[in-house]
Amino acid sequence: MSSVQSKGKALVTGASSGIGAIYAERLAARGFDLLLVARDEARLQSAATRLRAEHGIDVEVLKADLTLKADLVAVEQRLRSDPSISLLLNNAGVAAEGPLAGADLDQLERMIQLNVVAVTRLASAAAASFSAAGRGAIINLASVVALIPERFNATYSASKAYVLSLSQSLNAELSGSGVQVQAVLPGVTRTEIWERSGIDGSAIPAEMVMEAGEMVDAALSGFDQGELICIPSLPDAADWDGFVTARHALAPNLSRNVAAARYK
Ligand code: NAP
């Protein structure tokens, strides 16, 4: 049974660990019912049992490997057909390490499937359902590596730049629809992602690593403030605004009928 204070249902991908598990807790505390998605059903069920008991909300578990088309389409269909879903947290993601030359391309393809294709299909389904209802929110987990691709694995950084760009464009498309969009760009956050992708997290300087709870609380504060882009550790939001202003200043000259003088 739904709790009295229910704000609708949040569909959280990658809810079995790390950032997604913390979001599930925080959203439960805010009165959302939950639809938890990941591959590890046992972990999801144990989180569901605890969250039901602690918060008196409805929690459903949906086991899905979002790199598999059939599983992904099932989650997508759920977003289209369940009017109680009011928030999509597009969080499931994996990282990769090492240079592109010589990479395990099948592994990279699975990463793109999860970090790019699944995020896109679920955001599209949510955008259609939520805008028809005139309400709802889509939160996409990008990363600060979208802004500093030279410092990290090429494909992971590019996948997160895709999520950033998708969120900015989707936000423009959904303007006036009543649907809120946010892209969250965490820096290094203490979760399982590092060991899962074979990266030695202990080699990262401690002053660069944020606890997942602090990261998610900051992102939700940014969400409450209506921020489209949240960079949890950035001290001065004006630095991001300046970056966006510089980007927009290029706009009048990005498409013209003559090549620049230096090319002639
Ligand atoms: P994590 O602890 O490894 O959690 C990843 C989640 O994604 C798990 O719940 C995992 O669940 C799920 N997942 C992985 N493969 C999946 C698949 N094929 N199908 C469905 N679910 C799958 O990592 P995290 O750090 O919390 O990452 C969450 C998001 O934050 C990711 O998008 C990541 O890129 C982003 N991010 C993380 C950091 C960081 O430093 N930690 C920084 C910037 C951005 P199962 O294994 O049960 O499927």
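Along the sequence shown, residues are numbered consecutively beginning with 1.
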* **Taking every non-hydrogen atom, the tightest pair across L34 and A28** => CD1-CB, 4.0 Å
Ignoring hydrogens and angles, tell me if any N or O in the side chain of [X] forms a donor-acceptor pair with the backbone of [Y] under 3.5 Å.
X    : Y    : value
D71  : L66  : no
S197 : W194 : yes
S124 : T120 : no
N140 : V163 : no
N171 : Q182 : no
S131 : S177 : no
S16  : R43  : no
Q180 : F223 : yes
N91  : G14  : yes

* To do: To the nearest 0.5 Å, tell me how far R190 CZ sits from E214 CD.
  => 11.5 Å
* Structure fact -> CZ (R26) and CZ (F32) are apart, to the nearest 0.5 Å, by 14.5 Å
* Side chains of Q225 and S221, donor plus acceptor under 3.5 Å -> yes
* Under the salt bridge (charged side-chain N to carboxylate O under 4.0 Å, His left out) test, residues paired with D236 that sit two or more places apart ->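 Testing D236 for salt bridge (charged side-chain N to carboxylate O under 4.0 Å, His left out), a comparison that skips the adjacent residues, returns none.
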* **Pairs flagged by ring-ring contact (aromatic ring centres under 6.0 Å, His included) wherever residues 96-155 is involved - sequence neighbours left out** =>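 Sorted pair list: F152-Y156.
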* To do: Would you mind telling me which of V181, I139, L141, V184 makes a side-chain contact (heavy atoms from CB on, under 4.5 Å) with S167?
  => V181
